[in-house]
Amino acid sequence: MTLIPLRLLLFAGLMWMALAVSPGAAFAQDAASVAPIISEFSGKKSFDETEATVRKLAATGDPAVAVALNALAAGELFYRADGSVVIARGKADPAEILDPYTGAPLGTAPVADLEKVRVKNSIRVVVADALGTLTLGSPDPERRRAAAMNLFTSATPEQVGVLDAAIAKEEVLAVKLRLEQARAAAVIKSDRPVAEKLAAIDLIAARGDRQSLVVLGEIRSAEASELTAAATAAAEAIEQNITLWGYAQNVWYGLSLGSVLLLAAIGLAITFGVMGVINMAHGEMVMLGAYTTFVVQEAIRTHAPGLFDWSLPIALPLAFAVSALVGLIMERFLIRFLYGRPLETLLATYGVSLILQQGIRTIFGPTNREVGNPSWMSGAFDVGLMSVTWNRAWIIVFSAVIFFALLAALNRTAMGLQMRAVTQNRKMASAMGIRTPWVDAMTFALGSGIAGIAGVALSQIDNVSPDLGQGYIIDSFMVVVFGGVGNLWGTLVGAMSLGIVNKLLEPYAGAVLGKIVVLVLIILFIQKRPRGLFAQKGRFVEA
């Protein structure tokens, strides 16, 4: 007899627990707490009152209120004479109406019985911020982090409780830090104790970016107080931090520019150093490499779009072959008759450059051509307060690979040793059985081929046009002369030095004046060291 009551009690207890934790019960409880807030949209409200209601809904932290907020932003939130708030969609009469919390159909209602809740752009902005707050409960850590980042400059005192709850549940440290920073921004706008606000200022100062200055700006402009002094000191420290990161950003830009100059100049350093030829068509070798990349990408887009991410690896050997072949033809049919007459090689190669430019215009037209970035070269990432684009980063890596590969070829291969021998003493190398005309031809082809490879890289950061090479030829000669004719290490140091100095001068002198200053500095340097930073040594060189 006693077992039956016990079983009944156990069954009743289990049923009560199931009802208590069931989604329906929780949903009903949430709906009961949110419904009065949604009903505040009813009646003729001012924009300020509507905005305050939006903030109240955001402060609940209930993701379901997104239904009402989205309807408000879209102009689909209405109220009826009885004070109920509904969603009405479409232009039919009677209109279909929906529950503003669940989105469930409620039937229809005459359009005349519905009054729209007025909104304007500023309220839509507040709604967007509120929807961002609701994503704090997203299962995706990146979405939670983005929501916290968006809240940092727009957080309100009413959102402190929501942020406290999100911080308590957050397990990802990077997201938790962003949530704490957003909470600090909300705290300094609230009426909380001064000690808590000072701690919030310290946390914002540790963030140290431009958004932190915006958040601290309101306190700095307030009347003098302990908080104002702390905010001012924090803002000054942030400004110094931003300045330092600005220098770091300019150095990064200088390194990326230096890598571009290195790619453009390294082939010229070989031909100029070994052969003494002033090749004014070197820029057009770069252009040919860029147009080869364009042709490869067009072929892939047409016949095998799935291979687009492989377009650059496919274009590299082809660009090298095309530019090397053109360089070899130039050397065999023109330049080999002009050795020992540098001014005549300058004029002859300048004429070749004009012919190549006009040939490209005839084939491809005078307008810029589109060369796309593969997915692995697209986008950017942040390092502190510095933005690093993937295409520039890959070009730096690529230029380093080309440099060290060429260095190994010159030092470890028979062809490289013969090139070095001809550079140091051409007559002695010829007497030792080295075919100097063949070395000249291969050297010119190698330098032109490397310029073609440079064109593949430059196509990712510059406009591909017939004038592409003209923007780099003068800078390439400056790099070669400054670093030391024919010396690869000098070319590397010269390219990086000129790139960094250019970018550090640009914010103060401008791009054009900065280049003029660099040119004057190089002229003064050459007066002291006519052979550049790393002068070649050898009887032929010193003769």
Side-chain angles (χ1 to χ4, degrees), residues 142 249 252-267 282-326 356-383 386-403 405 448-473 475-476 499 503:
E142 189 55 37
Q249 183 77 73
W252 165 254
Y253 288 151
L255 290 174
S256 61
L257 175 60
S259 67
V260 170
L261 293 178
L262 177 64
L263 285 172
I266 196 168
H282 184 76
E284 278 56 52
M285 303 298 118
V286 176
M287 174 197 67
L288 290 176
Y291 272 95
T292 302
T293 308
F294 165 72
V295 171
V296 169
Q297 287 198 352
E298 286 299 299
I300 288 176
R301 286 191 180 103
T302 304
H303 302 290
L307 293 177
F308 187 80
D309 279 348
W310 290 91
S311 59
L312 296 190
I314 294 171
L316 281 173
L318 294 176
F320 179 87
V322 169
S323 297
L325 179 61
V326 173
L356 291 174
Q357 287 182 44
Q358 190 56 46
I360 290 296
R361 287 191 180 94
T362 303
I363 297 171
F364 296 100
T367 57
N368 295 343
R369 291 294 179 171
E370 180 186 358
V371 175
N373 292 115
S375 60
W376 48 274
M377 288 188 72
S378 303
F381 60 95
D382 293 332
V383 178
M386 185 173 69
S387 178
V388 178
T389 55
W390 278 111
N391 58 354
R392 293 278 182 176
W394 277 112
I395 287 176
I396 289 178
V397 173
F398 179 68
S399 64
V401 170
I402 295 297
F403 174 81
S448 300
I450 293 174
I453 291 177
V456 178
L458 292 179
S459 69
Q460 300 300 296
I461 60 174
D462 208 340
N463 294 324
V464 177
S465 69
D467 301 322
L468 171 65
Q470 294 300 304
Y472 296 96
I473 185 65
D475 287 338
S476 298
K503 289 302 178 181

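Because the structure is predicted, anything quoted here is derived from the model rather than measured.
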Using side-chain contact (heavy atoms from CB on, under 4.5 Å), reason through L263 and Y472 one step at a time and then give a plain yes or no. CA-CA 10 Å; L263 285 172; Y472 296 96; over 6 Å; no
Show your working on side-chain contact (heavy atoms from CB on, under 4.5 Å) between Q460 and L312 and close with a plain yes or no. CA-CA 10 Å; Q460 300 300 296; L312 296 190; 3.5 Å; yes
Return the [atom1] to [atom2] distance between [X] and [Y], rounded to the nearest 0.5 Å.
{"X": "S465", "Y": "I360", "atom1": "OG", "atom2": "CD1", "answer": "10.5 Å"}
{"X": "Y253", "Y": "L257", "atom1": "OH", "atom2": "CG", "answer": "12.0 Å"}
{"X": "I266", "Y": "I402", "atom1": "CD1", "atom2": "CD1", "answer": "8.0 Å"}
{"X": "I473", "Y": "M287", "atom1": "CD1", "atom2": "CE", "answer": "12.0 Å"}
{"X": "D462", "Y": "N368", "atom1": "CG", "atom2": "CG", "answer": "8.5 Å"}
{"X": "S259", "Y": "L255", "atom1": "OG", "atom2": "CG", "answer": "8.0 Å"}

Would you tabulate the side-chain donor-acceptor contacts of residues 452-459 under 3.5 Å, counting partners in other chains and residues two or more places apart, or write 'none'?
unit_1, atom_1, unit_2, atom_2, d
S459, OG, V456, O, 2.6

Donor-acceptor pair, [X] side chain versus [Y] backbone, under 3.5 Å?
{"X": "R369", "Y": "F364", "value": "yes"}
{"X": "S323", "Y": "L288", "value": "no"}
{"X": "Q249", "Y": "S387", "value": "yes"}
{"X": "Q297", "Y": "G372", "value": "yes"}
{"X": "T293", "Y": "G289", "value": "yes"}

Less than 3.5 Å apart, any donor N or O on the side chain of N391 or T389 sitting next to an acceptor on the other? yes
Problem set entry | Criterion side-chain contact (heavy atoms from CB on, under 4.5 Å) on R392 and V260, from CA distance to verdict | CA-CA 9 Å; R392 293 278 182 176; V260 170; 4.0 Å; yes
Once you measure the plane-to-plane angle for W376 and W394, does it fall in the parallel (<30°), tilted (30-60°) or perpendicular (>60°) bin?
perpendicular
If you take all heavy atoms of [X] and [Y], which pair is closest and at what distance?
{"X": "N373", "Y": "F308", "value": "O-CE2, 3.8 Å"}
{"X": "V388", "Y": "A393", "value": "CG1-CB, 4.3 Å"}
{"X": "A315", "Y": "T292", "value": "O-CG2, 4.4 Å"}

By salt bridge (Lys or Arg N to Asp or Glu O under 4.0 Å), D475 pairs with (sequence neighbours left out) K515
Salt bridge (charged side-chain N to carboxylate O under 4.0 Å, His left out) pairs touching residues 299-314, sequence neighbours excluded, are E298-R301
Show, in sequence, the C-alpha distance, side-chain angles and deciding distance for L356 and M285, and conclude whether the side-chain contact (heavy atoms from CB on, under 4.5 Å) test is met. CA-CA 9 Å; L356 291 174; M285 303 298 118; 3.6 Å; yes
